[in-house]
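Quick note on labels: first sequence line is chain A, next is B, and so on, each numbered from 1.
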Amino acid sequence: MTSVDMERESLSQLARAIQARLVGRLIGRTYVRSTSVHLGAGSEPDDSLVVEVVLSDPSGDTWPLDDVRAIYRVVSEVVVETAGGNQPVYIRVSPETETPQDGEEGQLPL
Amino acid sequence: MAHPIRPEWLIRQADLLARQGTTRPVNQDLRRAASSSYYALFHGIALTVADELLSRSTLERKWEFTRRIEHRVVLNVCTWVLGGRSPSPASRLRMILDPLKTSEDLIELAEYFRVLYDARNLADYDHAAHFSRPGVLSLIQQAQGGLDALRRLASSADLQAFSVLIVCGERN
């Protein structure tokens with residue numbers, strides 16, 4: 001097995017573990033709809049672990065802070081248990097309904 | 001006339017960027033909002049540490065001192081407060097660190113800092129990163145939550161110990 005295969009395997013193991021702990025759960029007033037894991041690039045030489053968490057749409061502008069904190073805590077625990085927690089981890093929360101973007105990138109008047 | 005960096009103005013800037021437009025702002029504006037949220041909390045911590053440790057110094061000297069505070073060291077200290085062991089704190093720091101692991105306000109501050117640190121990295125460096133308005137508004141809320149936690153910690157023994165760790169912690 002190559003290191004790339006091992007990395008892929010550990011990513012999918014982490015993805016499964018996060019999914020098992022969160023998907024379908026109601027945390028406070030927020031449902032976790034889906035989760036996924038991939039690598040992202042940060043300023044550090046090592047890639048960041050990006051955990052995407054899709055939540056039920058917030059009733060206001062965003063989700064209650066306590067709900068988001070609780071979700072982050074679960075993800076952090078799973079990352080430490082599964083991946084050892086040595087890598088930077090970014091947990092990105094997004095709503096299940098994505099609103100369309102205003103205008104096109106690069107067409108803003110400067 | 002000096003126009004210092006004010007954390008609450010960075011929050012305001014982030015909020016304006018994230019709320020503009022009728023639907024979702026362009027990703028570039030959401031990136032800047034995520035980054036400003038991080039810097040609001042980072043500068044809030046740096047200024048508080050300077051106030052705590054150099055309380056009798058001039059404002060200019062405190063600003064100069066904040067420039068020596070390293071982002072990665074603040075991250076390491078926050079990771080230690082949350083019970084993370086990597087990188088390990090030097091044994092001489094453990095007696096200062098251990099009581100902080102039960103400070104609710106510091107735990108809250110450390111959680112927000114860690115989230116914002118990683119979010120800022122992606123916002124500023126990852127070309128593929130995509131941000132949603134509610135997600136960025138949550139980051140802004142967390143930066144504000146961190147600044148509120150700092151205010152609650154003002155003049156406490158926990159804040160003093162946290163400040164010493166930031167100065168004595170090593171970059172790994």
Side-chain angles (χ1 to χ4, degrees), chain A residues 30 38-73 75-77 79-80 83-110, chain B residues 15 18-31 34-35 38 71-72 75 79 82-88 107-108 110-112 114-146 148-149 172:
Chain A
T30 307
H38 61 88
L39 292 177
S43 63
E44 308 286 338
D46 292 335
D47 284 336
S48 298
L49 207 50
V50 183
V51 179
E52 306 267 0
V53 183
V54 177
L55 303 175
S56 52
D57 292 338
S59 56
D61 291 333
T62 187
W63 303 274
L65 194 50
D66 286 344
D67 298 1
V68 172
R69 266 186 88 190
I71 290 163
Y72 283 1
R73 234 176 277 144
V75 173
S76 300
E77 278 167 23
V79 169
V80 170
N86 286 336
Q87 250 177 322
V89 182
Y90 173 49
I91 304 160
R92 191 181 89 95
V93 290
S94 57
E96 57 187 325
T97 313
E98 282 276 20
T99 48
Q101 183 174 286
D102 272 348
E104 291 293 321
E105 297 279 351
Q107 292 190 352
L108 287 174
L110 293 175
Chain B
D15 200 64
R19 288 182 193 279
Q20 67 179 332
T22 49
T23 53
R24 178 163 62 86
V26 292
N27 202 43
Q28 197 62 44
D29 288 341
L30 292 173
R31 284 179 187 276
S35 186
Y38 166 74
H71 297 253
R72 188 60 194 233
L75 178 70
T79 303
L82 296 174
R85 289 183 299 278
S86 180
S88 327
I107 290 169
E108 189 175 347
E111 283 181 354
Y112 296 146
R114 206 163 63 165
V115 168
L116 288 160
Y117 179 94
D118 292 323
R120 179 256 158 182
N121 251 332
L122 287 197
D124 286 350
Y125 292 97
D126 188 342
H127 290 274
H130 165 80
F131 293 86
S132 68
R133 181 176 359 219
V136 171
L137 289 172
S138 178
L139 294 174
I140 296 167
Q141 208 175 48
Q142 291 176 67
Q144 185 60 62
D148 293 343
N172 285 64

By a 4.5 Å heavy-atom criterion (distance strictly below it), what part of Val68(A) contacts chain B: side chain, backbone, both, or neither? side chain

Can you find a pair of side-chain heavy atoms, one from Asp61(A) and one from Arg19(B), that are under 4.5 Å apart? yes

Of all the heavy-atom pairs spanning Tyr90(A) and Val115(B), show the shortest one and how long it is. CD1-O, 4.3 Å

If you measure from CG on Leu49(A) to CG on Asp118(B), what distance do you get to the nearest 0.5 Å? 9.5 Å

Leu139(B) portion near chain A, given a 4.5 angstrom heavy-atom threshold: side chain

If you look at every heavy atom in Ser76(A) and Arg114(B), which pair is closest and at what distance? OG-NH2, 3.6 Å

So for Glu111(B), is it side chain, backbone, both, or neither that comes closer than 4.5 Å to the heavy atoms of chain A? side chain

Look at Ala128(B), Ser138(B), Ala18(B) and state which one has the largest set of heavy-atom pairs under 4.5 Å with chain A. Ser138(B)

Select one option (side chain, backbone, both, neither) describing which atoms of Phe131(B) are under 4.5 Å from chain A's heavy atoms. both

Side chain from CB out, backbone as N, CA, C, O: work out which of these in Ile91(A) comes under 4.5 Å of a heavy atom of chain B, or both, or neither. neither

If you define the side chain from C-beta out and look only at heavy atoms, does anything of Ser94(A) sit under 4.5 Å from His130(B)? no

Heavy-atom pair with the smallest gap, counting every atom of Tyr72(A) and Gln142(B): CE2-OE1, 3.4 Å

Gly135(B) to Trp63(A) - nearest heavy-atom pair and separation: N-CZ3, 3.7 Å

Write down the atom of Glu98(A), the atom of Ser132(B), and the distance for their closest heavy-atom approach. OE1-CB, 3.9 Å

